[in-house]
Chemist: 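One structure follows; several queries about it will come next.
Naming convention: chains lettered A, B, ... in sequence-line order (proteins, then strands); numbering from 1 in each chain.
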Amino acid sequence: MNYWLMKSEPHTFSIDDLQRAPQQTDHWEGVRNYQARNYMRDQMKMGDRIFFYHSSCETPGITGVMEVVKECHPDLSALDPNSPYFDPKSTKAIPRWWMVSVRLIEKFNDIIPLRILKNIPPLQTMVLLKPGNRLSITPVSATEWAFIISLKGT
DNA sequence: GCCAACGTTGGC
DNA sequence: GCCAACGTTGGC
């Protein structure tokens, strides 16, 4: 099983939005970065675990856990001229953008803030923490995953 | 709001 | 293929 971290701005789509969704499931539309897309298209598999990360907000950090419930399929928001994610270069025949569907497994009682993660030596290997990193989807190692899970509620 | 870092675009 | 200009991300 692979582990991941996916960012979302909570004023656009928060963990509470996912919790309210039918079956607590939604598709992860709107990724418009090739490397992040490739992770979803080529590497994310059923059952992979994902940290839900809130970015560009008062307290950025990890807010819960999701799993992949549907592997890559075309991101149709790219075809919708009324969508903020519209991309005229994507077509139905040759989709440029792909996404996975995710289901909420757990919303943490308390967010694990980025500023805490930054101060934990065993987590300095995280791609998320690499200087200059802006990727909205990053891989997480099994070791990093287990360590972060152990921080819950502390 | 600032700004550093990074990705994309497009002329040549 | 180079690279300058521009746009975006995202913490602070």
Chemist: Evaluate the side-chain proximity of Met66(A) to Arg49(A): yes if any heavy-atom separation is below 4.5 Å, no if none is.
Modeler: no
Chemist: Going by heavy atoms in the side chains, are Phe51(A) and Trp4(A) under 4.5 Å from each other?
Modeler: no
Chemist: Whether the side chain of Asp17(A) engages the backbone of Ser14(A) through a donor-acceptor N/O pair (distance < 3.5 Å, no angle test) should be reported.
Modeler: yes
Chemist: To the nearest Å, give me how far apart CG (Asp87(A)) and P (dT8(C)) are.
Modeler: 13 Å
Chemist: Would you check if the distance from the ring center of His11(A) to the ring center of Phe13(A) is below 6.0 Å?
Modeler: no
Chemist: Side-chain donor-acceptor pairs under 3.5 Å in residues 128-140 of chain A, sequence neighbours left out?
Modeler:
| unit_1 | atom_1 | unit_2 | atom_2 | d |
| --- | --- | --- | --- | --- |
| Asn133(A) | OD1 | Leu135(A) | N | 3.2 |

Chemist: Are any protein N/O atoms closer than 3.5 Å to N/O atoms in nucleotides 9-12 of chain C? If there are, list each pair with its distance.
Modeler:
| unit_1 | atom_1 | unit_2 | atom_2 | d |
| --- | --- | --- | --- | --- |
| dT9(C) | O3' | Arg134(A) | O | 3.4 |
| dG10(C) | OP1 | Lys7(A) | NZ | 2.9 |
| dG10(C) | OP1 | Arg134(A) | O | 2.6 |
| dG11(C) | OP1 | Tyr53(A) | OH | 2.7 |
| dG11(C) | OP2 | Ser56(A) | N | 2.9 |
| dG11(C) | O3' | Lys118(A) | NZ | 3.4 |
| dC12(C) | OP1 | Lys118(A) | NZ | 2.4 |

